[in-house]
Trainee: 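Structure in structure tokens, see below.
Residue numbering restarts at 1 for every chain, and letters A, B, ... go by the order of the sequence lines.
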Amino acid sequence: MSYKIIFFGTSDFSVPSLKALLADKRFEVVAVVTKPDAPIGRHQVITPPPIKVIAQENNVKVFQFEKIKTDETFEALSKLESVDAYVVVSYGKIIPQRILDLPKHGVINVHGSLLPRWRGASCVQAAIATGDKKSGVTIMQMDAEMDHGNILAQKEITITDTETGGELHDRLAELGATTLPDVLVDYLENKIISQPQNHEQATYCKLLSRDEGKIDWSKSAAEIEHLVRAYNPWPGTWTEWEGKRVKIKKLKTGNWKEFKSDIGMPQTQEEKLFVMCGDGHAVEILELQPEGKRVMKSQEYIVGHKLIS
RNA sequence: CGCGGGGUAGAGCAGUUGGCAGCUCGCCAGGCCCAUAACCUGGAGGCCGUGGGUUCAAGUCCCACCCCCGCAA
């Protein structure tokens with residue numbers, strides 16, 4: 001006898017968790033709910049979410065509701081066989097209360113931060129951008145408010161000094177996936193007493209867009225270094241030089257000698273590329289990408305733009 | 001066919017009204033020097049994305065295609 005689960009997920013973050021449940025004989029994933037196929041990439045090719053591909057490879061029924069709050073969606077889920085719980089990992093839509101009430105034991109969520117810190121959509125980037133030393137995953141009971149439910153378990157990890165958003169994302173996704181099965185079983189067998197979050201300590205992060213990757217050079221060098229790491233690879237960081245967009249791929253807080261005080265403008269010194277930041281410190285650009293060009297090392301940019309000092 | 005930039009030496013780039021293929025860095029050799037990644041001299045390295053077309057002559061103008069990238073999603 002295995003527990004019946006319906007899995008809600010869409011992005012890459014949810015992939016390890018779905019795989020973990022599929023591989024665990026204690027569970028039977030009777031259906032997967034994910035977002036509709038969407039146009040993606042430069043040529044807008046209609047592409048299924050990665051979760052859908054995995055579900056189909058495992059012969060699991062897939063639902064892709066256009067809208068989750070409609071009566072049609074509610075009825076479609078109600079008609080399915082009764083399940084023990086829904087598991088939601090990075091699904092991408094707000095699930096209404098009447099659907100949360102459907103499974104016998106409610107809905108479990110895996111979130112990529114140490115709740116109540118960083119409720120919201122960009123928890124991984126927020127942790128690095130803010131300079132947090134620790135992050136982790138929280139497994140909780142979902143309620144109607146965003147990332148607000150009672151906590152079942154948390155696992156902590158240390159953020160390294162050079163870690164990017166992408167790297168931390170992958171580590172947290174794996175951590176969530178390895179933590180989820182045992183916690184879920186314990187929960188379904190009433191072996192866990194859930195703990196309410198300390199709501200007064202909650203912090204929030206918003207959904208990121210590309211515009212938020214525009215670097216504000218008036219900030220401190222340390223803040224900018226955090227931001228570039230956090231937003232790598234999504235949504236990326238960029239600035240405008242000579243009227244053209246230049247993505248800043250990699251940089252570090254730099255050693256420098258003497259600088260003009262032109263904040264935000266590229267300067268060279270000993271074949272290295274520096275930018276003065278708002279606090280009087282500089283960052284050294286290591287890799288960048290002018291619009292229409294490939295990613296290049298800063299030395300290549302200097303040579304091509306005749307910036308030799 | 002969503003909008004746009006690009007493909008020229010190993011890398012990054014320039015190339016005018018069509019008229020000998022260039023610059024910086026790197027690489028190789030030699031020189032200078034106590035020494036050097038610095039400096040000097042010399043050198044190698046090109047199907048100018050592919051295929052057609054116009055022309056006495058095409059990197060350059062015209063047509064088609066391939067590939068890379070930015071925006072947007």
Side-chain angles (χ1 to χ4, degrees), chain A residues 8-15 33-54 62-69 89-94 120-125 164-166 169 205-217 224 227-252 254-258 260 264-275 282-309:
Chain A
F8 288 62
T10 299
S11 77
D12 289 326
F13 188 80
S14 52
V15 167
V33 180
T34 189
K35 280 194 190 175
D37 296 3
I40 197 168
R42 189 147 30 232
H43 301 292
Q44 297 290 281
V45 178
I46 304 293
T47 307
I51 285 293
K52 179 184 181 181
V53 177
I54 292 165
V62 174
F63 292 92
Q64 294 177 283
F65 302 117
E66 205 62 50
K67 293 191 172 182
I68 189 98
K69 292 176 181 171
V89 187
S90 186
Y91 172 53
K93 288 176 182 284
I94 308 291
S122 58
C123 49
V124 177
Q125 288 94 333
T164 64
H169 169 283
C205 51
K206 59 188 170 183
L207 187 63
L208 295 175
S209 70
R210 275 195 157 110
D211 286 342
E212 269 140 320
K214 179 166 187 175
I215 296 174
D216 177 0
W217 296 105
I224 289 168
L227 189 79
V228 170
R229 264 195 298 127
Y231 284 14
N232 175 352
W234 174 259
T237 44
W238 54 278
T239 189
E240 269 183 26
W241 287 338
E242 299 172 345
K244 293 198 172 174
R245 181 181 283 235
V246 179
K247 285 189 173 182
I248 304 299
K249 295 298 220 184
K250 192 185 291 185
L251 57 70
K252 63 179 182 183
N255 297 319
W256 64 96
K257 293 177 181 175
E258 285 181 26
K260 293 175 285 186
M265 295 310 294
Q267 304 175 45
T268 57
Q269 197 166 89
E270 295 173 350
E271 298 183 1
K272 293 175 180 176
L273 186 63
F274 294 89
V275 181
V283 290
E284 180 189 344
I285 310 292
L286 300 175
E287 287 179 16
L288 44 66
Q289 181 179 28
E291 112 185 24
K293 299 295 184 181
R294 310 168 190 229
V295 179
M296 63 182 76
K297 297 187 182 304
S298 55
Q299 288 87 346
E300 296 170 333
Y301 184 83
I302 292 168
V303 164
H305 289 74
K306 307 195 188 308
L307 290 174
I308 301 296
S309 55

Trainee: Please tabulate, one pair per line, each protein N/O and nucleotide N/O from nucleotides 12-15 of chain B that are separated by under 3.5 Å, including the distance.
Mentor:
unit_1: G12(B); atom_1: O2'; unit_2: Glu300(A); atom_2: O; d: 2.7
unit_1: G12(B); atom_1: O2'; unit_2: Gly304(A); atom_2: N; d: 3.2

Trainee: Looking only at side-chain N and O atoms, does Lys244(A) come under 4.0 Å of OP1 or OP2 in G5(B)?
Mentor: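 Lys244(A) to G5(B) OP1/OP2: no side-chain N or O under 4.0 Å.
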Trainee: Starting from P on G70(B), measure out to CD1 on Ile248(A) and report it in whole angstrom.
Mentor: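 The answer, rounded to whole Å, is 14 Å.
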Trainee: With Glu287(A), which residues qualify under salt bridge (Lys or Arg N to Asp or Glu O under 4.0 Å), at least two apart?
Mentor: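 Here the qualifying residues are Lys250(A), Lys297(A).
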Trainee: Hey, are the side chains of Leu251(A) and Ile224(A) touching, using non-hydrogen atoms and a 4.5 Å cut-off?
Mentor: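 Yes, side chains in contact.
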Trainee: Given the P atoms of C62(B) and U24(B), what is the spacing between them in whole Å?
Mentor: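 It comes out at 31 Å once rounded to the nearest Å.
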Trainee: Could you work out the separation of G30(B) and A37(B) based on their P atoms and round it to a whole Å?
Mentor: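 Between the two P atoms, the distance is 13 Å.
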Trainee: Counting Watson-Crick and G-U wobble pairs only, both distances under 3.5 Å, name the nucleotide matched with U54(B), or none.
Mentor: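 With both distances under 3.5 Å required, U54(B) matches none.
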Trainee: In whole angstrom, what separates Lys214(A)'s NZ from G70(B)'s P?
Mentor: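 After rounding, the reported distance stands at 18 Å.
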Trainee: Counting only side-chain nitrogens and oxygens, does Lys247(A) get under 4.0 Å of the OP1 or OP2 atom of C69(B)?
Mentor: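 Answer is no, no contact under 4.0 Å.
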Trainee: Is there, by distance only and without an angle test, a donor paired with an acceptor across the side chain of Gln44(A) and the base of A72(B) below 3.5 Å?
Mentor: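 Answer is yes: a donor-acceptor pair is held.
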Trainee: Under the rule for salt bridge (Lys or Arg N to Asp or Glu O under 4.0 Å), what residues qualify as partners of Lys247(A), not counting sequence neighbours?
Mentor: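 Lys247(A) satisfies salt bridge (Lys or Arg N to Asp or Glu O under 4.0 Å) with no residue once adjacent residues are dropped.
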Trainee: In whole angstrom, what separates Ile46(A)'s CD1 from G2(B)'s C1'?
Mentor: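 These atoms are roughly 13 Å apart.
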Trainee: Could you measure between the two C1' atoms, the one in G59(B) and the one in C1(B), and give it in whole Å?
Mentor: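 Per the computed distance, 29 Å lies between those C1' atoms.
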Trainee: Using the P atoms only, state how far C23(B) lies from G6(B), rounded to an integer number of Å.
Mentor: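 The same atom, P, in both gives a distance of 23 Å.
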Trainee: Under the salt bridge (Lys or Arg N to Asp or Glu O under 4.0 Å) rule, collect the residues that match up with Lys67(A), sequence neighbours excluded.
Mentor: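 With neighbours one apart ignored, the set is empty.
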Trainee: Flag yes if more than 12 heavy atoms outside Ile46(A) fall under 6.0 Å of its CD1 atom; otherwise flag no.
Mentor: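 Yes - once you tally the heavy atoms of other residues, nucleotides and ligands closer than 6.0 Å, there are more than 12.
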Trainee: In whole angstrom, give me the gap between the C1' atoms of G5(B) and A57(B).
Mentor: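 Rounded to whole Å, the distance is 31 Å.
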Trainee: In terms of ring plane angle, is the pair His169(A) and Phe13(A) parallel, tilted or perpendicular, where the classes change at 30° and 60°?
Mentor: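 If you compare the ring of His169(A) with that of Phe13(A), the planes turn out perpendicular.
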Trainee: Which value, in whole Å, describes the distance between the P atoms of nucleotides U16(B) and G49(B)?
Mentor: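 U16(B) and G49(B) have their P atoms separated by 14 Å.
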Trainee: What is the distance, rounded to the nearest whole Å, between atom CD of Gln299(A) and atom P of A37(B)?
Mentor: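 Atom-to-atom, Gln299(A) to A37(B), this comes out as 18 Å.
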Trainee: Could you list the residues that satisfy salt bridge (Lys or Arg N to Asp or Glu O under 4.0 Å) with Lys52(A), not counting sequence neighbours?
Mentor: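 Lys52(A) satisfies salt bridge (Lys or Arg N to Asp or Glu O under 4.0 Å) with Asp37(A) only.
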Trainee: Let me check something: any side-chain donor-acceptor pairs from residues 227-236 of chain A under 3.5 Å, sequence neighbours excluded? List them with distances.
Mentor:
unit_1: Arg229(A); atom_1: NE; unit_2: Asp161(A); atom_2: O; d: 3.3
unit_1: Arg229(A); atom_1: NE; unit_2: Glu225(A); atom_2: OE2; d: 2.8
unit_1: Arg229(A); atom_1: NH1; unit_2: Asp161(A); atom_2: O; d: 3.3
unit_1: Arg229(A); atom_1: NH1; unit_2: Glu163(A); atom_2: O; d: 3.0
unit_1: Arg229(A); atom_1: NH2; unit_2: Asp161(A); atom_2: O; d: 3.4
unit_1: Arg229(A); atom_1: NH2; unit_2: Glu225(A); atom_2: OE1; d: 3.3

Trainee: Looking at every strand, decide which applies to Gln289(A) at a 4.0 Å heavy-atom threshold: base, sugar-phosphate, or nothing.
Mentor: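 The answer is sugar-phosphate, as Gln289(A) gets under 4.0 Å only of primed atoms, P, OP1 or OP2.
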Trainee: Say we look at A14(B) and A38(B): how far apart would their P atoms be, to the nearest angstrom?
Mentor: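 So the two P atoms sit 26 Å from each other.
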Trainee: Using whole Å, report how far CZ of Arg245(A) lies from P of G70(B).
Mentor: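 It is 11 Å, rounded to the nearest whole Å.
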Trainee: Report the base-pairing partner of G70(B) (Watson-Crick or G-U wobble, both distances below 3.5 angstrom), or none.
Mentor: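 Its partner is C3(B) (Watson-Crick or G-U wobble, both distances under 3.5 Å).
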Trainee: A72(B), OP1 or OP2 - any side-chain N/O from Arg42(A) closer than 4.0 Å?
Mentor: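 No, because none of the side-chain N or O atoms of Arg42(A) sits under 4.0 Å from OP1 or OP2 of A72(B).
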Trainee: Determine the interatomic distance between C1' on G15(B) and the same-named atom on G52(B); round to the nearest Å.
Mentor: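 Pairwise C1' distance, G15(B) against G52(B), rounds to 25 Å.
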Trainee: Does the structure show a Watson-Crick or G-U wobble partner for A35(B), both distances under 3.5 Å? Name it, or say none.
Mentor: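 None - no nucleotide pairs with A35(B), as no candidate has both distances under 3.5 Å.
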